[in-house]
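Chain naming here is simple, since letters A, B, ... match the order of the sequence lines and numbering starts at 1 in each. The figures here come from the full heavy-atom set of this structure, side chains too, leaving out hydrogens, waters and symmetry mates.
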Number of protein chains: 2
Amino acid sequence: MTTRRDAVHDTLRKSEGFRSAQDVYAEMRLHGAKIGLTTVYRALQALADGGKVDVLRTDDGESVYRACATDAHHHHLVCRRCGHTVEVAGPAVERWAEMVGSEHGFTEITHTVEVFGTCSSCSMPARIG
Amino acid sequence: MTTRRDAVHDTLRKSEGFRSAQDVYAEMRLHGAKIGLTTVYRALQALADGGKVDVLRTDDGESVYRACATDAHHHHLVCRRCGHTVEVAGPAVERWAEMVGSEHGFTEITHTVEVFGTCSSCSMPARIG
DNA sequence: CGCCAAAATGAAAATGATTGTCAAAATCCC
DNA sequence: GGGATTTTGACAATCATTTTCATTTTGGCG
């Protein structure tokens, strides 16, 4: 059934930013869930295929997942320090990508856009400590 | 010295689209070059660090490299069929990313933008064969 | 030229995420 | 209940990339 898959989805919902499959697995085990790593991977893939979660690749090639608030196409603004993520819609970017593509005779345009930065909390000078 | 690194760079220049480290290695060995896989990886990284080549990740997590025509910041329009790559400047996207970031209080904005599509040659109905 | 130190090289082992395998367990259909 | 089907998960296998480490090359210097 989808019991395990839902459990994975729930774990993801409770997380603030993007989490790797290994993270999700570790987290679930911490909370006493009886689940295997293989199943977590499968659940995550199924969820991603069904558009239930978003996937992106970190710089070191790890896939990270996040349960997103909306089904609509959107991008992410991710804090490179704490992982805090904001979903952003970017009609301007969509149009730009389409335009750039068709200008060069390309069709079936898709694009990947991710924005990274340091969020306000993290960019505050660390006065404490 | 930089002999090997230059050889790697040259191999990349001769390639049309993005190539993986393994590709470059195989290609060089084909042409009789005496070089190790480790060295190819190191050369590619050094080149990338120095901004001499561009890197991006394929969907299956492989790093691919390309010797780019310009040093300036730019993005790529890549044919998902044949790998043919066009370099595109996107001032609009740069501004958009900055704006989105600062709107949410993020600083030190960076972004990744890649556009994929099917180029005109590849989208022609395959009449032959 | 010979010699030492630092950097470069590469073969092989290590790493680490992800995927495949396959038998056991859960679930479904009747 | 009983058998077919799907799901699960421990473990092995994959595969790109990194590390390790001993050897080679290079550069400076007398």
Side-chain angles (χ1 to χ4, degrees), chain A residues 1-12 15 17-67 76 78 80 83 112 114, chain B residues 1-12 15 17-67 78 80 83 112 114 116:
Chain A
M1 281 310 249
T2 56
T3 322
R4 311 296 167 124
R5 198 167 72 180
D6 284 342
V8 169
H9 200 177
D10 284 346
T11 302
L12 222 43
S15 302
F18 280 86
R19 311 294 303 271
S20 72
Q22 310 270 351
D23 282 348
V24 172
Y25 172 69
E27 172 109 10
M28 294 182 76
R29 300 290 291 204
L30 267 186
H31 289 291
K34 282 284 184 49
I35 194 172
L37 183 55
T38 309
T39 306
V40 172
Y41 272 102
R42 278 194 288 239
L44 250 14
Q45 277 167 346
L47 252 11
D49 284 350
K52 298 288 195 300
V53 304
D54 277 3
V55 200
L56 64 84
R57 294 258 178 186
T58 61
D59 280 346
D60 53 316
E62 205 177 4
S63 291
V64 287
Y65 304 82
R66 179 167 196 260
H76 298 101
V78 185
R80 68 167 65 83
T112 65
E114 302 301 337
Chain B
M1 274 321 218
T2 56
T3 324
R4 313 295 167 122
R5 198 166 73 180
D6 285 342
V8 169
H9 200 177
D10 283 346
T11 302
L12 222 43
S15 303
F18 281 86
R19 312 294 304 273
S20 72
Q22 311 269 352
D23 283 347
V24 173
Y25 172 68
E27 172 109 9
M28 294 182 76
R29 301 288 291 203
L30 267 186
H31 290 290
K34 282 283 184 50
I35 194 171
L37 183 55
T38 309
T39 306
V40 173
Y41 272 102
R42 278 194 287 238
L44 250 15
Q45 278 166 347
L47 252 12
D49 284 349
K52 297 288 193 303
V53 305
D54 277 4
V55 200
L56 64 83
R57 294 259 177 185
T58 61
D59 279 347
D60 53 317
E62 204 177 5
S63 291
V64 288
Y65 304 82
R66 178 167 196 260
V78 186
R80 67 167 67 82
T112 65
E114 302 301 337
F116 299 92

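Counting to the nearest Å, the C1' atom of C:dT18 and the CD atom of A:Gln22 are 8 Å from each other. The separation between B:Arg29 atom CZ and C:dT9 atom C1' is 12 Å, rounded to whole Å. A straight line from CD of A:Glu62 to C1' of D:dC15 spans 16 Å, rounded to a whole angstrom. The nearest whole Å value for the distance from the CG atom in A:Asp60 to the P atom in D:dC15 is 21 Å. Following rounding to the nearest Å, B:Asp49 (CG) and D:dT18 (P) show an atom-to-atom distance of 11 Å.
Using a 4.0 Å heavy-atom distance criterion, B:Ser20 is classed as making no nucleic acid contact.
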* **Derivation of the side-chain contact (heavy atoms from CB on, under 4.5 Å) call for B:Val64 and B:Asp23** => CA-CA 9 Å; B:Val64 288; B:Asp23 283 347; 5.9 Å; no
* **Criterion side-chain contact (heavy atoms from CB on, under 4.5 Å) on B:Leu12 and B:Leu44, from CA distance to verdict** => CA-CA 9 Å; B:Leu12 222 43; B:Leu44 250 15; 3.9 Å; yes
* To do: For A:Tyr25 and A:Thr39, run side-chain contact (heavy atoms from CB on, under 4.5 Å): C-alpha distance rounded to whole Å, both residues' side-chain angles, the deciding distance at 0.1 Å, then the answer.
  => CA-CA 9 Å; A:Tyr25 172 69; A:Thr39 306; over 6 Å; no
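Atom CG of B:Asp59 sits in a sparse spot, with 12 or fewer heavy atoms from other residues, nucleotides or ligands closer than 6.0 Å.
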Where do N or O atoms of nucleotides 22-25 of chain D meet protein N or O atoms at under 3.5 Å, pair by pair?
none

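The shortest distance between side-chain heavy atoms of B:Tyr41 and B:Gln22 falls below 4.5 Å. In this structure, the side chains of B:Glu27 and B:His31 come closer than 4.5 Å at one or more pairs of heavy atoms. B:Leu47 places none of its side-chain heavy atoms less than 4.5 Å from the side chain of B:Tyr65. At a threshold of 4.5 Å between non-hydrogen side-chain atoms, the residues B:Ile35 and B:Val8 count as touching.
Near-neighbour residues of DNA chain C inside residues 32-46 of chain B, defined by a heavy atom below 4.0 Å, number-ordered: B:Lys34, B:Ile35, B:Gly36, B:Thr38, B:Thr39, B:Arg42.
To the nearest 0.5 Å, the span separating OG1 on B:Thr58 from CD on B:Glu114 amounts to 12.0 Å. To the nearest 0.5 Å, the span separating CZ on A:Arg66 from CZ on A:Arg19 amounts to 11.5 Å.
Neither OP1 nor OP2 of D:dA16 sits under 4.0 Å from any side-chain N or O of B:Ser63.
In terms of modelled atom types and a separation under 3.5 Å, the side chain of B:Arg4 and the main chain of B:Lys34 share a donor-acceptor contact.
Rotation axes derived from the C1' atoms of the five outermost pairs at either end of the helix from C:dC1-D:dG30 to C:dC30-D:dG1 lie 20° apart, to the nearest 10°.
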